[in-house]
Amino acid sequence: MNNVVELSGVTKRFGRVTALAGLDLMISAGEVHAFLGPNGSGKTTTLRLILGLLRADSGRLSVLDLDPWTDSTELHRRLAYVPGDVALWPNLSGGEAIDLLARLRGGLDNKRRDELITRFELDPTKKGRSYSKGNRQKVALISALASDVELYLLDEPTSGLDPLMEAAFRECVNELRARGRTVLLSSHILSEAEALCDRVSIIRSGVVVESGTMVELRHLTRTTVNARLARTPAELDTLPGIHSLQVTLQGVSAQVDDTAMDAFISKIAEFGVLALESHPPTLEDLFLRHYSTDTA
Amino acid sequence: MTGTFALLRLALRRDRILLPAWILGLAAMVSISVSATKDLYPTEALRIGASSAINATAALVGLYGRIYDPTSIGALSLIKMTAFGAALVAIVFVFVVVRHTRTEEESGRLELLSAGVVGRSAPLAAGLLAGIGGSAALGLLTALGLVGVGLPISGSIAFGLSWMLSGAVFSAIAAVAAQVTTSHRSAVGISVAVIGLSYVLRAVGDLAANGPSFLSWLSPIGWSQQLRPFAGNRWVVVALPLLLTGLLIPLAFALRARRDLGAGLIPDRPGPDRGVLGSTRALAWRVQRSTVIAWLVGCMALGGILGSAAHNVTGLLVSPQMQKYIQLLGGTQGLIKAFLAAEIAIMASVIAAFAISATLRLRSDEVSGYSELLLATSTSRIRLAMNGFAIAVFGSAAVLLGTGIAIGLANGLASGDPIGQIGALLAAAAVQVPAIWVMASITLALFGWVPRATNAAWATLVAFVVVGEFGPLWKLPQWVLDLSPFAHSPRLPGGSVSAVPLIWLTAVAVALAAVGLLGWTRRDLQP
Ligand SMILES: Nc1ncnc2c1ncn2[C@@H]1O[C@H](COP(=O)(O)OP(=O)(O)O)[C@@H](O)[C@H]1O
Ligand SMILES: [Mg+2]
């Protein structure tokens with residue numbers, strides 16, 4: 001088995017709304033995959049299709065070599081899911097909910113559960129109705145992480161967590177990666193995906209518009225370069241692959257295609273480089289590019 | 001209280017179809033009944049005959065109350081609408097008030113609103129205004145309708161007032177219940193229990209030998225009757241519901257002022273840090289057990305009160321003609337049996353409400369997201385649905401059988417034959433169970449195929465009960481009357497019993513349940 005998740009040409013409509021319009025998604029075993037997209041782009045719908053909670057209108061779906069719609073019970077023994085908006089039973093304590101969900105999944109590692117509760121600083125004796133959104137999410141997260149399964153599906157897992165808990169969460173994901181588990185996490189927080197994930201798929205209006213490793217995706221984007229120069233530069237605007245060029249008395253700033261980098265650096269070197277600063281594209285840049293080109 | 005009117009407008013907007021539909025439907029029922037009765041009893045002699053027969057029949061007095069002026073066409077035609085109607089009105093406005101107070105708070109939507117310029121008491125005030133304002137609109141419309149079909153104005157106003165005040169009192173009771181509990185289910189449960197108790201108190205009071213006894217005066221539904229529309233119009237009785245409403249509303253606001261948003265009066269105690277629940281069946285029982293037990297205890301208590309009143313029924317037979325007439329019908333024993341059979345039948349339709357609400361949990365669990373969590377584990381859809389449905393099926397049977405035992409025990413202790421009576425009433429309860437199962441299965445079928453319309457199960461129950469009560473009066477065709485599963489339940493004790501309808505009802509229940517499960521396994525999860 002190579003690909004843990006294989007979706008191709010998946011469409012899903014809700015009445016007149018087309019939530020997914022021919023979505024392709026491949027996730028191979030052992031990778032931490034980020035599923036990025038703005039609100040309403042179809043992330044949750046995709047996860048629910050992967051779980052067999054929704055039925056696709058067309059397309060091919062295979063998850064852990066099973067059909068999620070027909071073999072959902074068998075499939076669910078091998079995965080754990082944390083919904084984006086966790087609902088807990090109002091009069092069950094957090095601890096009871098953690099144990100119940102893990103048992104229904106097929107097993108509960110008590111030691112790991114207790115360790116996770118400490119790590120996420122959860123009070124498991126509180127009743128479901130008195131938890132905040134973040135704490136409800138922690139309950140589902142702890143229960144999922146306490147189960148030893150092949151695939152973890154996490155829908156915006158950090159949207160309710162504070163920064164400290166986010167750090168704890170990252171640590172947990174890194175441990176899963178080290179143990180060779182596959183993780184699919186959806187997010188609209190770009191820095192999180194960047195820090196955590198091996199590969200990224202970007203979804204927009206129900207279609208995956210880009211998919212690859214962080215390194216691959218960077219090829220598609222531009223590095224930002226700021227340079228302080230001894231002399232005012234000239235003729236820079238004749239170079240190809242240079243964008244948002246701003247020339248001042250002190251120097252230059254520009255966004256440079258990877259293919260144009262060599263020529264650009266050689267050119268500004270002629271004007272005496274005093275200081276040079278460059279940074280690789282963040283996912284924000286990737287996003288801006290993908291979601292502004294179509295609207296512009 | 002800032003923001004009350006904005007919230008009220010929101011509430012009325014959300015209820016813009018349901019509330020007018022209820023109000024118009026109830027008001028129309030009243031006018032239609034009067035027209036039908038007028039045709040049936042055109043002369044005073046006929047009316048006196050019919051009224052005396054009702055007043056002498058314990059089953060009818062227990063269910064509907066007495067007719068205080070046998071010559072009055074208004075009193076005769078509205079006999080089924082006075083207590084029974086007041087209870088129906090009460091149920092509607094309990095739902096309205098709880099829906100706009102505790103339900104909103106529980107769902108967290110109120111938190112969103114409370115962050116805006118909305119005073120702490122505004123949601124409660126808006127909910128109460130919706131309830132009491134709706135009751136007033138209903139009362140007015142009903143009175144107008146009665147005048148419209150040609151009844152005296154004063155009696156029409158008295159009848160409209162009796163309904164309006166029932167709506168107002170129970171709106172206030174619901175408002176208090178919504179402050180005491182943390183879940184809308186418990187708030188509705190407490191309020192409906194008070195309605196049930198009021199109904200039964202007046203039943204027993206009305207049945208007393210020289211009734212109504214003081215018990216009828218302890219009941220808000222009894223007050224609606226004792227206003228005696230079209231039979232003397234005793235206006236002073238209006239003071240009682242007004243007084244109670246006037247006491248309960250400040251109480252609700254005082255309770256609201258003493259608690260936090262989302263909290264009840266009793267703070268949450270911490271729970272265990274580890275769970276023993278290991279299956280969805282255990283979970284379903286855990287989540288619903290207190291409801292099942294509350295229903296069991298409540299219905300057994302009502303059954304006990306009704307059963308202990310059964311031996312009184314002969315006290316109603318005052319005139320010698322009546323006594324002779326009754327002898328023809330099988331003597332006083334036959335009368336008592338008819339009374340018990342009628343009580344068991346009405347309890348069966350009440351317990352059908354439990355079966356429906358327990359099945360509706362499947363839908364509310366789907367909407368709240370519990371089902372998403374559970375179905376992402378190795379729990380299959382069939383198992384999840386069956387576990388919830390089992391609570392409805394076995395829970396309703398247990399509650400009804402328990403009610404039968406309670407009625408039988410109470411009646412048996414009074415008549416000196418507890419064992420025999422328990423056996424008889426247990427059988428009477430058992431034969432009503434399949435009809436209740438049909439109602440649960442209708443709910444499951446709706447859930448499987450039209451999840452967003454699962455609540456229509458309530459409409460089917462109301463339709464079946466109304467058709468059963470008023471269908472013959474309204475001269476509906478037989479096939480319409482036969483649609484109701486309750487029409488096919490054997491009437492015990494006293495009647496004859498055949499297995500055929502029971503087998504049919506059970507088969508229909510099984511088939512509808514299977515259809516529902518099929519739909520559920522084939523459709524999308526629709527939160
Ligand atoms: N059950 C549903 N019924 C109707 N429309 C839905 C339903 N679920 C999702 N949608 C629509 O599908 C689109 C994708 O939603 P979703 O997958 O929840 O997006 P995301 O998780 O990326 O925010 C949205 O336009 C949303 O309104
Ligand atoms: Mg989402």
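Just so we're on the same page: letters track the sequence lines, and every chain starts at 1. Reckoned from all heavy atoms, side chains included, excluding hydrogens, waters and symmetry mates.
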Engineer: Do you see a donor-acceptor pair shorter than 3.5 Å between the side chains of B/Arg256 and B/Thr101?
Structural biologist: no

Engineer: Under a 4.5 Å heavy-atom cut-off, does chain B meet the side chain of A/Asp114, its backbone, both or neither?
Structural biologist: side chain

Engineer: Report yes or no: do A/Ser93 and A/Thr125 form a side-chain donor-acceptor pair below 3.5 Å?
Structural biologist: no

Engineer: Is A/Arg112 atom CZ crowded by more than 12 heavy atoms from other residues, nucleotides or ligands, each under 6.0 Å away?
Structural biologist: yes

Engineer: Parallel, tilted or perpendicular for B/Tyr370 and A/Trp89, by the 30°/60° rule?
Structural biologist: parallel

Engineer: Check whether A/Lys12 gets within reach of chain B through its side chain, its backbone, both or neither, counting any heavy atom under 4.5 Å.
Structural biologist: side chain

Engineer: Side chain from CB out, backbone as N, CA, C, O: work out which of these in B/Ser371 comes under 4.5 Å of a heavy atom of chain A, or both, or neither.
Structural biologist: neither

Engineer: Pick one of side chain, backbone, both or neither for A/Thr73, based on which atoms fall under 4.5 Å of a heavy atom in chain B.
Structural biologist: both

Engineer: Between chain B and each of A/Asp85, A/Val82, A/Leu88, count heavy-atom pairs under 4.5 Å; write down the option with the most.
Structural biologist: A/Leu88

Engineer: Among B/Asp365, B/Leu283, B/Val276, which has the most heavy-atom pairs under 4.5 Å with chain A?
Structural biologist: B/Leu283

Engineer: Tell me, yes or no, whether the heavy-atom count around B/Arg13 atom CZ, taken from other residues, nucleotides or ligands under 6.0 Å, exceeds 12.
Structural biologist: no

Engineer: Less than 4.5 Å to any heavy atom of chain A: does that hold for the side chain of B/Arg381, its backbone, both, or neither?
Structural biologist: side chain

Engineer: Ion pair present between A/Glu175 and A/Arg179, side-chain N to carboxylate O less than 4.0 angstrom?
Structural biologist: no

Engineer: Ring of A/Tyr81, cation from A/Arg48 - is the NZ or CZ under 6.0 Å from the centre and inside 45° of the axis?
Structural biologist: no

Engineer: Between B/Leu373, B/Thr379, B/Leu374, who has the most heavy-atom pairs with chain A when the cutoff is under 4.5 Å?
Structural biologist: B/Leu373

Engineer: For B/Arg269, which atoms come within 4.5 Å of any heavy atom of chain A: side chain, backbone, both, or neither?
Structural biologist: backbone

Engineer: More than 12 heavy atoms of other residues, nucleotides or ligands under 6.0 Å from CE of B/Met386: yes or no?
Structural biologist: no

Engineer: Who among B/Glu106, B/Arg274, B/Gln526, B/Arg522 has the most heavy-atom pairs with chain A under 4.5 Å?
Structural biologist: B/Arg274

Engineer: Report which part of A/Leu53 has an atom under 4.5 Å of a heavy atom belonging to chain B: side chain, backbone, both, or neither.
Structural biologist: both

Engineer: Which region of A/Val149, side chain (C-beta onward) or backbone (N, CA, C, O), has a non-hydrogen atom less than 4.5 Å from a non-hydrogen atom of chain B, or is it both or neither?
Structural biologist: neither

